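Since the structure comes first, as structure tokens, the remarks are kept for the end.
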Amino acid sequence: MKHILKKMALVLLPVAFYLCFFIAFEPNNYFGLRTASGSSQPVARVNAYRKAPGTRLILGDSRLAHFNMDLVEQTSGRSWQNIAFGGASLRETIDLANYVLDSGNPVEEMILGLSFYTVNGKYDTDRMSALEDTLNNPLAYILNLEYNVNTLTNFTNFLIWGKQRLQGETALTWAQAQQESETGNWTEADYIGADGTQYDLHTLLAEYPPKLMGNCTGWYLNQPMLEQLEQLLARCQAAGIKVHLVLPPMADNVLTEVCQPLGIDKQMEALLPILHQWESQYGIQVLDYEWENRPDFNQDKQFFDGFHLDTTYGLPQWTELLFTHIDE
């Protein structure tokens, strides 16, 4: 019997070692052993909400996921919890909002992200049910290939950060180094494409519109999701929850090279009056920086790519603008 137990211990020892490694370096703070997670992945954001639910919430896709929350609180005069996550479709934003309301946790205020990209019927991802299963089943999380790859990537980044710290190349703590950022101080090389094309804008921005074409060609309004959004607004109104519907800014070349050639701008023109009608009907606030009140940003300097503001040179300015306009 002792011989069998020794053999089992030898077999289980590597498993236990990897489990400790996984818990130490998985980037989403799934087990809540660290103060917080810098990840904007859905499992990290929703898990953080479950452990410490806030009453003022930010929901949407990656364009709303990277706010400096200290600046948000400083500008708005009240604290917010960001549960927006990368790639969130309108369906997922609505599902997450209803998940929050169904939880029974008190909610005072919500910011809901909306854009021409998320109201597109061709972009209708649905991850909430799988996400809930993962959050309720730690074993499913540990055995998920994607999360294991993310853990190994995070460990590699830890080694790189450790080397930089030893060589005096960074003063960031490991927690600070894990914070997601999209920023660049562009050099001449950043204006030349892989095929040698010389661009007026840095390459990440200049080459962004073609990347959108696959989902935007044949664009159409996702009417069922808009109906569900209206139902959500009615539910929030009945519960006394303030809602701010926010359309984040996009770069000029997305407008001129994607939206206008495909006629998306004309279809959005028909939707915007409906959104404004909801303002009086459901007591919400519509803040449109995508079409009607486009900020005068330096495109090359303040946009990291066609959808995302540079987290150093663009996002702080929009953060102050947005949270100054909230409730104006």
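Bear in mind that the values here come from a model prediction, so they are computed numbers and not experimental data.
Closest approach of Leu272 and Leu247 over heavy atoms only: CD2-CD2, 4.1 Å. Shown here for Ile58 and Asn82, the closest heavy-atom pair between the two residues is O-OD1, 3.6 Å. Here the shortest heavy-atom pairing between Ala97 and Leu59 reads N-CD2, 3.6 Å. Closest heavy-atom contact between Phe85 and Arg127: CE1-NH2, 3.5 Å. Scanning all heavy atoms of the two residues, the minimum distance from Pro261 to Leu255 falls at CD-O, 4.2 Å.
With hydrogens and angles ignored, the 3.5 Å screen pairs no side-chain donor or acceptor of Gln81 with any backbone N or O of Leu57. A donor-acceptor contact shorter than 3.5 Å is absent between the side chain of Glu182 and the backbone of His308. Proximity of a side-chain donor or acceptor of Asn105 to a complementary backbone N or O of Leu101 within less than 3.5 Å is not detected. In this structure a side-chain-to-backbone donor-acceptor pair under 3.5 Å is missing from Tyr117 to Tyr123. In terms of modelled atom types and a separation under 3.5 Å, the side chain of Ser89 and the main chain of Glu92 share a donor-acceptor contact. Using modelled atom types, no side-chain atom of Gln260 and backbone atom of Gly263 make a donor-acceptor pair closer than 3.5 Å.
Hydrophobic clustering (ILVMFWY, side-chain heavy atoms < 4.5 Å, transitive): Leu152 and Tyr30 are in one cluster.
Two rings, from Phe116 and Phe307, have their centers less than 6.0 Å apart. No close placement of the Phe303 and Trp318 rings is indicated, their centers lying 6.0 Å or farther apart. Taking the six-membered ring wherever Trp is involved, the centroid distance between the rings of Phe155 and Phe21 falls below 6.0 Å. Between Phe22 and Tyr141, the ring centre distance stays below 6.0 Å.
Looking at heavy atoms from C-beta onward, Thr151 lies in side-chain contact with Glu26 at the 4.5 angstrom threshold. Between Leu275 and Asp288 there is no side-chain heavy-atom pair separated by less than 4.5 Å. In this structure, Thr118 and Arg63 have side chains that are in contact, with non-hydrogen atoms separated by less than 4.5 Å. The shortest side-chain heavy-atom distance between Arg91 and Thr125 does not fall under the 4.5 Å cut-off. Counting heavy atoms from C-beta outward, Asn222 and Leu90 have side chains that stay 4.5 Å or more apart.
For Glu188, the CD atom sits in a loose shell: 12 or fewer heavy atoms of surrounding residues, nucleotides or ligands are nearer than 6.0 Å. Annotation: Lys122, atom NZ; neighbour count of heavy atoms from other residues, nucleotides and ligands within 6.0 Å is above 12. The 12-atom threshold is not exceeded at CG of Asp296, counting heavy atoms of other residues, nucleotides or ligands nearer than 6.0 Å. More than 12 heavy atoms of other residues, nucleotides or ligands sit less than 6.0 Å from atom NZ of Lys51.
Under 3.5 Å, the side chains of Tyr147 and Gln41 contain no donor-acceptor pair of N or O atoms. Side-chain N/O atoms of Tyr282 and Glu230 include a donor and acceptor closer than 3.5 Å. Side-chain contact, Tyr313 with Asn298: no donor N or O sits under 3.5 Å from an acceptor N or O. Under 3.5 Å, the side chains of Asp310 and Thr183 contain a donor-acceptor pair of N or O atoms.
A salt bridge links Arg78 and Glu109; the closest N-O separation between the charged side-chain nitrogens and carboxylate oxygens is under 4.0 Å.
Screening residues 129-143 for salt bridge (Lys or Arg N to Asp or Glu O under 4.0 Å) gives no qualifying pairs among residues at least two apart or on separate chains.
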